[in-house]
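Here the structure comes first, spelled out in structure tokens, and everything after it is commentary.
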Amino acid sequence: MSSFSTSLSRTTSSPLFPNHSSLINSDTSRRSLSFPQGLNLDELCVRSQRKLVQSSVVLGDGAVITKSSSAELKDAPLSIPSQVVADKLVIESVGGEQQSTVSITVVGASGDLAKKKIFPALFALYYEGCLPEHFTIYGYARSKMTDAELRDMVSKTLTCRIDKRENCGEKMEEFLKRCFYHTGQYDSQEHFVALDKKLKEHEGGRLSNRLFYLSIPPNIFVDAVKCASSSASSVSGWTRVIVEKPFGRDSKTSAALTKSLKEYLEEDQIFRIDHYLGKELVENLSVLRFSNLIFEPLWSRQYIQNVQFIFSEDFGTEGRGGYFDHYGIIRDIMQNHLLQILALFAMETPVSLDAEDIRNEKVKVLRSMRPIQLEDVVIGQYKSTTKGGVTYPGYTDDKTVPKDSLTPTFAAAALFIDNARWDGVPFLMKAGKALHTRSAEIRVQFRHVPGNLYNRNSSTSLDRTTNELVIRVQPDEGIYLKINNKVPGLGMRLDQSNLNLLYSARYSKEIPDAYERLLLDAIEGERRLFIRSDELDAAWALFTPLLKEIEEKKTIPEFYPYGSRGPVGAHYLAAKHNVQWGDLSLDQ
Ligand SMILES: NC(=O)C1=CN([C@@H]2O[C@H](COP(=O)(O)OP(=O)(O)OC[C@H]3O[C@@H](n4cnc5c(N)ncnc54)[C@H](OP(=O)(O)O)[C@@H]3O)[C@@H](O)[C@H]2O)C=CC1
Ligand SMILES: O=C1O[C@H](COP(=O)(O)O)[C@@H](O)[C@H](O)[C@H]1O
């Protein structure tokens, strides 16, 4: 079967929003993008080459059911999404009048996230031809640094991973020449005025669009937004702000943050990032479900017995203990990353792929969720352990963590969606640090086949070896479906095998980092993968009472050794709901 391209493309375009105040500029993304002149559209950013590919399915033993060669994939005609064509037309129509530019300011540029994720993602976008022809990147922080020092710092974390093209070193040099640094306080209008002046110099009279990425601790978000919007927002184009989590630590603090941000920004200027939504396999979740006839009809209580959202890391909170102790694993992972995936998984079919249509459906799921009962939650904290002569620290061994901290580093919970589609189906979540492995996955366990004819041919009851669809978000991205199969031979013996789509075997292209996708979306004004304020309110409304109860009752976490599979209580929780954790079964 050959691959095919479709006209599936970015269906959203940013409407022209009216000015909010004299300080806030209208969102004019449709006239904001200018692509490199003289390039074939097909050679532009991979984003403009979005296509849907029918995948081959490889059995566990390597046999191929259907296969389209990677050569076919590479040579397949590309459809040019209407949005790209539209942008080109818009640019042509303003050609000769006023060219546009994007200025990206990384606020907190000296920090960990900026170095680790934001600058490398911006470079990857530049390398892929996804940034507009004219752009400038500014690092902003209190640390004293020259442009050269910033470039030196940034260059250490840039990699030439994409397609291993030969001119990477050159591209890196070109990219670094577009990076500058401005030293300033986060609450100083004067310092942001100085930044504005420098930005203007680089913008050179072009129609200016400005993106601020707040990569700073949350207690200074509002100061920075106030100064950026008052003293450094664009006067001719759009101004957008990417806000990093945590968005508060409960309903009240989150609402207060939203209210403060909205004093200076319109909701459509605020891009609340949840980087799990930018992960390839999470993005693929809706494609899998809505573009394959075989899944959507099964996507309900009628066929699905339970769904599991599992996050585990094989390292502790070392180095981030100060931050983590104030939040804990439920706020750090469950209330945002896992809940967002759950909402995408469980939503009804949206009217379209438009950001508002999708976010409307997600918020309905969140608001249909049953309050979480403390009896349906297990919390844990890792303790020191020695293995093979190596001693691994316990959570409270971190100097920045109080010795008597009860903060959970592990949690498992059973959640329910009280609507017609999901009535009674347990949605299990499990998240933990310092466990035996690093992984993130979604597991869909189907019901048993009623009156299975083959039960008598199987040594174990087939009612227990049900179908399971696994979406492995990371590492080794892939999707596999566990099926019962006849073992070849003259007899009739059954076993469970995987229909397996391993991305690294199927696609030659490297998977982009989540931050690349999300930064590009923010530049393009695509809000689909960012959290709207009502989604955030609904997420906090679900978790705040539980967190309050855990904290007020000073619930003691179950201790588990560093590098283990987590507290035993998680098994009892699953068993209570007639479920087994898929990641812990012998045959994963
Ligand atoms: N690091 C990560 O992996 C992740 C981080 N995040 C979120 O992203 C944001 C940035 O994270 P990260 O880079 O790790 O944060 P950092 O702690 O490294 O802080 C970033 C920068 O902010 C400035 N800063 C730090 N503390 C203060 C303070 N108390 N007052 C004023 N300025 C301060 C420092 O710059 P200077 O002193 O030069 O001004 C620092 O370099 C945070 O909101 C975090 O929660 C979210 C997901 C993952
Ligand atoms: O948001 C967070 O995510 C990271 C895990 O992200 P990943 O992309 O590396 O899986 C987690 O370590 C951190 O505690 C949390 O704040």
Side-chain angles (χ1 to χ4, degrees), residues 13-20 22-39 41 44-45 47-48 83-107 109 119 122-123 125-140 147 150-151 171 173-182 192-213 228-242 265-266 268-269 271 519-526:
S13 62
S14 306
L16 299 173
F17 293 103
N19 272 4
H20 169 52
S22 58
L23 297 177
I24 298 168
N25 312 119
S26 61
D27 192 323
T28 53
S29 64
R30 286 302 301 277
R31 57 195 167 97
S32 66
L33 287 173
S34 78
F35 289 102
Q37 306 290 315
L39 271 181
L41 274 179
L44 291 175
C45 176
R47 174 63 66 97
S48 60
Q83 177 71 31
V84 173
V85 175
D87 282 333
K88 179 132 199 302
L89 292 176
V90 174
I91 292 156
E92 278 167 359
S93 73
V94 298
E97 287 171 27
Q98 193 182 20
Q99 241 202 339
S100 66
T101 176
V102 174
S103 300
I104 302 160
T105 303
V106 182
V107 183
F119 283 106
L122 287 169
F123 172 60
L125 290 177
Y126 173 69
Y127 194 31
E128 291 267 291
C130 292
L131 292 183
E133 183 186 15
H134 195 277
F135 72 92
T136 307
I137 295 174
Y138 253 90
Y140 185 103
D147 292 343
L150 173 88
R151 287 170 190 164
K171 284 270 186 191
E173 285 297 308
E174 286 166 18
F175 173 79
L176 290 171
K177 277 190 206 148
R178 311 269 198 115
C179 297
F180 303 87
Y181 185 76
H182 185 74
F192 274 87
V193 168
L195 171 72
D196 180 61
K197 196 162 164 258
K198 287 188 181 172
L199 292 178
K200 280 196 179 113
E201 280 165 22
H202 289 281
E203 288 164 356
R206 294 174 180 86
L207 187 148
S208 91
N209 297 302
R210 293 188 180 174
L211 178 65
F212 292 87
Y213 195 129
S229 93
S230 311
S231 304
S233 61
S234 166
V235 286
S236 53
W238 49 255
T239 300
R240 297 179 188 142
V241 180
I242 298 182
L265 301 167
E266 283 283 21
D268 59 63
Q269 293 181 289
F271 287 69
L519 270 159
L520 184 56
D521 277 353
I523 293 169
E524 292 186 351
E526 167 63 85

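Computation of the quantities below employed the complete heavy-atom set of this structure, encompassing side-chain atoms and omitting hydrogens, waters and symmetry-equivalent molecules. In this chain, residues are counted from 1 in sequence order.
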Practice item. Check whether the side chains of T136 and E203 place a donor and an acceptor atom closer than 3.5 Å, and report yes or no. Key: no

Exercise for review: Compare every heavy atom of D196 with every heavy atom of S231, then report the nearest pair and how far apart it is.
Suggested key: O-CB, 3.1 Å

**Study point:** Nearest atoms (heavy-atom pairs only) where G237 meets L207
**Key:** CA-CD2, 4.0 Å

Study note, to complete from the structure: Separation between CZ (R178) and CZ (F135), nearest 0.5 Å, reads 4.0 Å

Exercise for review: Evaluate the side-chain proximity of D147 to R151: yes if any heavy-atom separation is below 4.5 Å, no if none is.
Suggested key: yes

Point to revise | Atom of G139, atom of A109 and distance for their closest heavy-atom approach | key: CA-CB, 3.4 Å

Exercise for review: Taking the six-membered ring for Trp and the full ring for Phe, Tyr or His, determine whether the centres of Y140 and F192 are under 6.0 Å apart.
Suggested key: yes

Check your understanding: Once you round to the nearest 0.5 Å, how far does CZ of R240 lie from CG of L265?
Key -> 12.5 Å

Practice item. Quick one: pull up CG in N209 and OG in S233 and give me the separation to the nearest 0.5 Å. Key: 12.0 Å

Practice item. Enter the distance from I242:CD1 to Y213:OH here, rounded to the nearest 0.5 Å. Key: 5.5 Å

Exercise for review: First locate atom CD1 of I523, then atom CG of L211, and finally report the distance between them rounded to the nearest 0.5 Å.
Suggested key: 6.0 Å

**Study point:** For the student: nearest non-hydrogen atoms of T239 and Q269, plus distance
**Key:** O-NE2, 2.8 Å

Check your understanding: R210 versus W238: any side-chain heavy-atom pair under 4.5 Å?
Key -> no

Review point. Are the side chains of S208 and V235 in touch, meaning some heavy atoms are under 4.5 Å apart?
Key: no

Check your understanding: Taking C-beta and beyond as the side chain, do L199 and T105 meet within less than 4.5 Å on heavy atoms?
Key -> yes

Study note, to complete from the structure: Rounded to the nearest 0.5 Å, the CG atom of L122 sits from the SG atom of C130 at a distance of 11.5 Å

**Study point:** 4.5 Å side-chain heavy-atom contact, K198 and F180
**Key:** no

Check your understanding: Can you find a pair of side-chain heavy atoms, one from F212 and one from V106, that are under 4.5 Å apart?
Key -> no

Practice item. Report yes if the side chains of L195 and Y138 come closer than 4.5 Å at any heavy-atom pair, otherwise no. Key: yes

Check your understanding: Can the ring centroids of F119 and F123 be said to lie less than 6.0 angstrom from one another?
Key -> no

